[in-house]
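Please read all numbers here as calculations on a predicted model, not as lab measurements. Every heavy atom of this structure was used, including side-chain atoms; hydrogens, water molecules and symmetry mates were not. Remember, it's 1-based here, ligands and their atoms both numbered in the order they're listed.
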Amino acid sequence: MELRLERLTKKYQNTAAVDNVSCSLKNGVYGLLGVNGSGKTTLMRMLCTLLKPTDGSICLEGRDIFEMDGEYRRLLGYLPQDFGYYPDFTVRDYLMYIASIKGLRPTVAKKRVNLMLERVGLTEAANKKMKSLSGGMKRRAGIAQALLNDPQILILDEPTVGLDPSERIRFRNLISELSENRLVLLSTHIVSDIEYIADEIFLMKEGRFVQSGSVEELTSAMPWQVWSLQVARADVNAYQKSYQIANVKTVQGGARLRILSAKRPEDSAVPETATLEDVFLYYFGERSGMDDDKI
Ligand code: ADP
């Protein structure tokens, strides 16, 4: 199965929320990584046929998804950023309700709902009201509703917002499980949410893919080097003004800086292996007043 985006563009007035994006998606986990406002939701809403592109196309196996219409949507599961639910519904009633909207027959729906409750670990909470669930449980209920029709394509918009660290880990494991024989696309602005589970990551900035690839590809393609350098405590501010600093750690006698720079900042600086966090900082960090040539 191949979902192909070709020069996909969505303009609002004169600004492009999604600008000339092309890529090919197959089974596996894809991460859309970018700060707020970079165009992730707009791109996802087009992939769900909720928004029409201004230009370009999205094709599944060579067929335009907007022309496929219901045939395409039957293959699709979507978890929007703010998914609507009825607070006084129990988890089971909520899922049965969504199943009926999706056109599942009641007997099929009952089986699917039980299966999905099991899948996302909510069987024991099935009779709890939606409003009484923790953030993580609500998200899992949201994923369960997106999975009711056993979709081939699963699109999750910022699914980890509001989750605590243990819920995040549980969520990552669930996504990895779900990606078998499926295309999963999830958006986030948190590097650690996709670092370990995404086969391919698209770094999205101002509507464009500025870089894409596996974690290894992205880290090895970063134009700058990462350096570790110990400095006096009093000099930290000066370094922060002149360099892109990924981390400051207080150590005996000063601070150890993690510096992103094209050139060795000092003779004593030691080269380090870049992480996805460093790549994110390289593309999205503030670089005002810095001149690439001088660093
Ligand atoms: P993200 O999901 O990465 O936070 P969005 O896709 O929500 O980004 O937004 C991308 C850009 O498009 C933002 O600058 C946003 O203000 C703009 N935008 C999104 N929806 C609309 C709209 N309906 N009308 C005008 N501008 C919009």
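At a heavy-atom cutoff of 4.0 Å, ligand 1 is surrounded by Tyr12, Ala17, Val35, Asn36, Gly37, Ser38, Gly39, Lys40, Thr41, Thr42.
No single ILVMFWY cluster, assembled from side-chain heavy atoms under 4.5 Å apart, contains both Leu79 and Ile190.
Considering only residues two or more places apart in sequence or on other chains, Ser179 meets the side chain to side chain contact (heavy atoms under 4.5 Å, CB included) condition with Val29, Val184. Under the side chain to side chain donor-acceptor pair (under 3.5 Å) criterion, Asn20 pairs with no residue at all, not counting sequence neighbours. With sequence neighbours excluded, the residues satisfying side chain to side chain donor-acceptor pair (under 3.5 Å) with Thr90 are Asp93.
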Q. Arg45 and Asp157: salt bridge (Lys or Arg N to Asp or Glu O under 4.0 Å), yes or no, with the steps?
A. CA-CA 9 Å; Arg45 297 194 72 207; Asp157 195 354; over 6 Å; no

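The residues Arg168 and Asp164 are annotated as not salt-bridged, no charged nitrogen and carboxylate oxygen being separated by less than 4.0 angstrom.
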